[in-house]
Amino acid sequence: MGEKVKKRIAIFIGCAVFAAGMMAVAASLDLPGEMVMRWFGAAYESLSSMILYVLFCGGLGFPVQILVKALPRALLMLHRISMRWAKVLLVVLDTAALFFTMLLVDFLMDTVLVGYVIILLVALVMAVLSVDDLEGWDKR
């Protein structure tokens with residue numbers, strides 16, 4: 001065998017081992033993840049359908065999040081509300097927007113079933129984590 005053939009066989013074996021390792025990692029993450037999701041009332045057919053669900057939620061939610069975050073920032077810049085009320089407004093609007101976005105994607109995807117409780121909890125946590133985006137907008 002020539003040197004090129006040995007090199008190609010080695011590359012092929014390396015890629016096969018890498019792919020098998022990635023599939024093992026994905027399978028090991030899928031089982032505990034699915035168990036936790038079932039505790040909260042969610043079910044999905046495969047890990048790829050759940051990844052698509054998250055990507056669609058992010059894609060549809062991105063333009064909505066821009067509008068949701070613009071209202072408290074604008075009110076802060078105009079000095080119409082205080083920082084405390086801007087944070088409350090941002091959490092309420094962000095939670096509602098993400099909740100309805102995730103609910104819409106859940107309705108449109110047959111391979112993923114997510115309960116209202118987990119959607120509300122995820123939306124609330126994401127909204128609370130985005131409150132820090134308002135820092136400094138009252139000084140402008």
Side-chain angles (χ1 to χ4, degrees):
M1 272 204 265
E3 196 65 33
K4 285 185 176 181
V5 174
K6 287 181 182 179
K7 193 173 186 179
R8 288 182 181 166
I9 290 174
I11 290 173
F12 177 74
I13 290 173
C15 288
V17 168
F18 180 73
M22 292 301 292
M23 289 172 51
V25 168
S28 67
L29 292 176
D30 187 36
L31 294 175
E34 185 174 1
M35 185 175 65
V36 170
M37 295 288 283
R38 287 185 192 262
W39 286 344
F40 287 107
Y44 53 93
E45 286 183 9
S46 66
L47 184 60
S48 61
S49 65
M50 192 61 186
I51 290 171
L52 278 175
Y53 176 78
V54 171
L55 289 175
F56 287 150
C57 286
L60 287 175
F62 182 71
V64 175
Q65 293 297 321
I66 291 172
L67 296 174
V68 163
K69 290 180 181 180
L71 181 64
R73 288 177 181 173
L75 292 174
L76 269 175
M77 287 176 63
L78 294 172
H79 302 290
R80 299 285 184 200
I81 58 175
S82 66
M83 179 59 86
R84 177 187 292 174
W85 283 109
K87 288 180 179 181
V88 169
L89 182 63
L90 178 66
V91 168
V92 170
L93 290 176
D94 200 7
T95 302
L98 189 57
F99 178 80
F100 287 117
T101 301
M102 291 176 73
L103 198 63
L104 176 68
V105 174
D106 181 43
F107 177 73
L108 294 176
M109 287 185 70
D110 294 334
T111 59
V112 177
L113 176 66
V114 184
Y116 296 124
V117 174
I118 195 166
I119 291 176
L120 184 63
L121 287 175
V122 167
L124 186 60
V125 167
M126 295 297 287
V128 169
L129 291 175
S130 70
V131 167
D132 291 338
D133 294 343
L134 285 177
E135 294 302 322
W137 282 89
D138 57 343
K139 310 256 188 302
R140 293 184 181 196

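Numbering starts at 1 and runs along the sequence shown.
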For this session: Indicate if Val91 and Met83 have the same hydrophobic cluster label, given that clusters are the connected sets of ILVMFWY residues with side-chain heavy-atom separations under 4.5 angstrom.
Result: no

Seminar exercise, completed: The reported gap from CZ in Phe99 to CG in Asp106 (rounded to nearest 0.5 angstrom) is 10.0 Å

Exercise. Trp85 and Leu90: same hydrophobic cluster, using ILVMFWY side-chain contacts below 4.5 Å?
Worked result: yes

Exercise. Should the heavy atoms of other residues, nucleotides or ligands under 6.0 Å from CE of Met109 be counted, would the total exceed 12?
Worked result: yes

Seminar exercise, completed: Closest heavy-atom pair, Ala86 versus Pro72, reported as atoms and distance to 0.1 Å, is O-CB, 3.8 Å

Seminar exercise, completed: side chain to side chain donor-acceptor pair (under 3.5 Å) filter on Thr101, not counting sequence neighbours, yields none

Problem set entry | Contact list for residues 48-71, test salt bridge (Lys or Arg N to Asp or Glu O under 4.0 Å), sequence neighbours left out | Lys69-Asp133

Seminar exercise, completed: CD1 (Ile81) and CG (Leu71) are apart, to the nearest 0.5 Å, by 7.0 Å

For this session: Check whether any side-chain heavy atom of Leu98 lies under 4.5 Å from a side-chain heavy atom of Leu124, and answer yes or no.
Result: no

Exercise. For the hydrophobic clusters of this structure (ILVMFWY residues joined by side-chain heavy atoms under 4.5 Å, transitively), does one cluster hold both Leu93 and Val88?
Worked result: yes

For this session: Going by the side chain to side chain contact (heavy atoms under 4.5 Å, CB included) test, name the single residue among Val68, Ile66, Leu60 that passes it with Val64.
Result: Val68

Problem set entry | Same cluster (ILVMFWY, side-chain, under 4.5 Å), Leu120 and Val125 | no

Exercise. Quick one: CG on Leu121 to OH on Tyr116, what's the gap to the nearest 0.5 Å?
Worked result: 15.0 Å

For this session: Hey, could you give me each pair passing salt bridge (Lys or Arg N to Asp or Glu O under 4.0 Å) that has a residue in residues 79-104? Not counting sequence neighbours.
Result: Lys87-Glu135

Exercise. With the 4.5 Å side-chain cut-off for hydrophobic clustering, are Leu52 and Ile119 part of the same group?
Worked result: yes

Exercise. Once you round to the nearest 0.5 Å, how far does CE of Met102 lie from CE of Met126?
Worked result: 9.0 Å

For this session: Answer whether the closest heavy-atom distance between the side chains of Tyr53 and Val114 falls below 4.5 Å.
Result: yes

Problem set entry | Heavy-atom donor-acceptor pair, Ser130 side chain to Ala127 backbone, under 3.5 Å | yes

For this session: Enter the distance from Phe107:CZ to Leu103:CG here, rounded to the nearest 0.5 Å.
Result: 9.0 Å

Problem set entry | Spatial distance of atom CG (Leu67) from atom CZ (Phe62) [nearest 0.5 Å] | 10.5 Å

